[in-house]
**Student:** 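My questions all concern the structure below.
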Amino acid sequence: MPDPTDRFFVSTDQAALEMDVIHGFLSTCYWSPGIPRTTLERAIRNSLCFGVFDRQASARPAQIGFGRVISDFATYAYLCDVFVLPTHRGLGASKLLMREILAHPDLQGLRRFALLTRDAHRLYEQFGFKPRTDGGKAVLEIHAPDVYRRGAERPC
Ligand SMILES: CC(C)(COP(=O)(O)OP(=O)(O)OC[C@H]1O[C@@H](n2cnc3c(N)ncnc32)[C@H](O)[C@@H]1OP(=O)(O)O)[C@@H](O)C(=O)NCCC(=O)NCCS
């Protein structure tokens, strides 16, 4: 496989992010269907975001991937909303993204770096993510998967 850095680069510049691309994907994917654009804009503003860009796009580099980190930048981080557009999969873009995320200076020395995934374990395991093994401790959460369809009702 060619070196993905020849074609792709990663940027944390929020001004460079292409909201149409990000909202287009995240509002139709399985984990955040229907997410309102204003909600996503707020989430992005308050997160450390990584855009993946394709240098080979016709006019200027075009965004083809994304990842968002929610963190206190000292002890804990949560990685979410990772995607590469279907047209650009299998080219190493997500591995480049993961390398850049894990090398970011504000995400060093954390006690826990967490993520949830349905089927991309093989990607994350290459970067040291493992299923939780601290026996006896359960993960508790309030989960409202249809929150964008129900409006502002309380999750139950
Ligand atoms: C998962 C995703 C980001 C991978 O992007 P990609 O750029 O095509 O991945 P890469 O080409 O960099 O390959 C990454 C590695 O992970 C593996 N991988 C990628 N997607 C995978 C998946 N869905 N299941 C299992 N392994 C996967 C690849 O086989 C590759 O492993 P290899 O080096 O051993 O060959 C992309 O398929 C995607 O956007 N999927 C839909 C959204 C999604 O599921 N995001 C993850 C949410 S946790």
Side-chain angles (χ1 to χ4, degrees), residues 1-14 16-37 39-58 60-73 76-104 106-107 110-134 137-149 155:
M1 185 191 287
D3 182 347
T5 57
D6 291 344
R7 177 163 178 185
F8 304 115
F9 67 90
V10 175
S11 170
T12 54
D13 178 3
Q14 293 228 349
L17 295 175
E18 296 179 26
M19 274 308 295
D20 287 348
V21 172
I22 303 170
H23 186 247
F25 187 90
L26 293 176
S27 62
T28 56
C29 71
Y30 72 84
W31 65 84
S32 54
I35 185 169
R37 193 172 168 119
T39 303
L40 184 59
E41 284 169 348
R42 184 172 178 183
I44 285 175
R45 249 194 335 271
N46 292 299
S47 305
L48 175 58
C49 296
F50 297 77
V52 190
F53 295 85
D54 181 2
R55 291 191 178 86
Q56 283 179 17
S58 49
R60 58 187 171 82
Q63 187 167 356
I64 57 92
F66 181 70
R68 183 164 75 86
V69 176
I70 304 162
S71 183
D72 61 10
F73 303 118
Y76 180 86
Y78 176 70
L79 172 61
C80 61
D81 291 348
V82 171
F83 72 84
V84 169
L85 293 180
T87 45
H88 288 73
R89 289 184 191 161
L91 301 172
S94 72
K95 290 202 271 192
L96 175 63
L97 172 64
M98 290 305 298
R99 275 202 296 277
E100 295 282 332
I101 290 172
L102 292 173
H104 193 281
D106 292 342
L107 299 173
L110 304 173
R111 193 165 69 244
R112 193 184 297 272
F113 203 152
L115 61 81
L116 291 174
T117 187
R118 191 167 71 178
D119 58 10
H121 304 73
R122 217 171 92 216
L123 168 62
Y124 299 119
E125 280 170 4
Q126 294 181 37
F127 293 91
F129 288 86
K130 298 183 181 76
R132 280 188 71 156
T133 51
D134 37 357
K137 279 192 196 167
V139 177
L140 306 187
E141 63 181 7
I142 296 174
H143 187 205
D146 57 347
V147 66
Y148 307 129
R149 306 220 188 282

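Quick note: residue numbers are just sequence positions, from 1. Whatever order the structure lists ligands and atoms in, that order sets their numbers, starting from 1.
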**Student:** Please work out whether any backbone atom (N, CA, C, O) or any side-chain heavy atom from C-beta onward of Leu96 is under 4.0 Å from ligand 1, and answer side chain, backbone, both or neither.
**Tutor:**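 Within the 4.0 Å criterion, Leu96 makes no contact with ligand 1.
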**Student:** For the atom pair CZ (Arg112) and CZ (Arg132), what is the distance rounded to the nearest 0.5 Å?
**Tutor:**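 Answer rounded to 0.5 Å: 4.0 Å.
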**Student:** Using 30° and 60° as the class limits, which term best fits the ring planes of Phe83 and Phe66: parallel, tilted or perpendicular?
**Tutor:**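 The rings of Phe83 and Phe66 sit tilted, inter-plane angle from 30° to 60°.
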**Student:** Could you tell me whether atom 19 (C) of ligand 1 has a protein heavy atom closer than 4.0 Å?
**Tutor:**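 So atom 19 (C) of ligand 1 lacks protein heavy-atom neighbours under 4.0 Å.
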**Student:** Below 4.0 Å from any atom of ligand 1, is there a heavy atom belonging to Gln126?
**Tutor:**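 It does; at least one heavy atom falls under 4.0 Å.
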**Student:** Given side chain to side chain contact (heavy atoms under 4.5 Å, CB included), test Phe50 with Val82 step by step and report yes or no.
**Tutor:** CA-CA 9 Å; Phe50 297 77; Val82 171; over 6 Å; no
**Student:** Would you mind reporting whether His104 and Val69 have side-chain heavy atoms less than 4.5 Å apart?
**Tutor:**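 When only atoms from C-beta onward are counted, His104 and Val69 do not touch, as no gap falls below 4.5 Å.
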**Student:** What are the atoms of ligand 1, with element, lying closer than 4.0 Å to any heavy atom of Phe83?
**Tutor:**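 That gives atoms 39 (O) of ligand 1.
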**Student:** Can you tell me how far CD1 of Ile22 sits from CG of Asp81, rounded to the nearest 0.5 angstrom?
**Tutor:**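 One gets 9.0 Å once the value is rounded to the nearest 0.5 Å.
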**Student:** Purely on distance, is any nitrogen or oxygen of Leu116 under 3.5 Å from one on ligand 1?
**Tutor:**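 N/O-N/O distance below 3.5 Å does not exist for this pair.
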**Student:** When you compare ligand 1 with Lys95, is there at least one nitrogen or oxygen pair between them that comes in under 3.5 angstrom?
**Tutor:**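 There is such a contact, yes.
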**Student:** Yes or no, since that's all I need: does a protein heavy atom fall within a distance strictly under 4.0 Å of atom 27 (C) of ligand 1?
**Tutor:**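 There is no protein heavy atom less than 4.0 Å from atom 27 (C) of ligand 1.
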**Student:** Quick one: does Arg122 get an N or O within less than 3.5 Å of an N or O on ligand 1?
**Tutor:**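 Indeed, backbone or side chain, Arg122 has an N or O that close.
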**Student:** Hey, looking at atom 3 (C) of ligand 1, which of Ser94, Cys29, Ala120 has the closest heavy atom?
**Tutor:**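 The nearest heavy atom belongs to Ser94.
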**Student:** If I take atom CZ from residue Arg68 and atom CG from residue Leu26, how far apart are they, to the nearest 0.5 angstrom?
**Tutor:**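 Output value for this atom pair is 8.5 Å.
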**Student:** Is it true that, when you exclude Arg42 itself, more than 12 heavy atoms of the residues, nucleotides or ligands shown sit nearer than 6.0 Å to its CZ?
**Tutor:**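 No, the 6.0 Å shell around CZ holds no more than 12 heavy atoms from other groups.
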**Student:** Below 3.5 Å, N or O to N or O, backbone or side chain included: is there any such pair between Gly90 and ligand 1?
**Tutor:**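 N/O-N/O distance under 3.5 Å: yes.
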**Student:** In terms of atom number and element, which parts of ligand 1 are under 4.0 angstrom from non-hydrogen atoms of Gly92?
**Tutor:**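 Those of ligand 1 that fall under 4.0 Å from Gly92 are 10 (P), 11 (O), 12 (O).
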**Student:** Relative to ligand 1, is Leu85 under 4.0 angstrom through side chain, backbone, both or neither, heavy atoms considered?
**Tutor:**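 For Leu85, no heavy atom sits under 4.0 Å from ligand 1.
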**Student:** As an exercise, identify every atom of ligand 1 less than 4.0 angstrom from a heavy atom of Val82.
**Tutor:**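 Matching atoms, with element in brackets: 42 (C), 43 (C), 45 (N), 46 (C), 47 (C).
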**Student:** For ligand 1, note which part of Arg118 has a heavy atom under 4.0 Å away: side chain, backbone, both or neither.
**Tutor:**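 Contact part for Arg118 vs ligand 1: neither.
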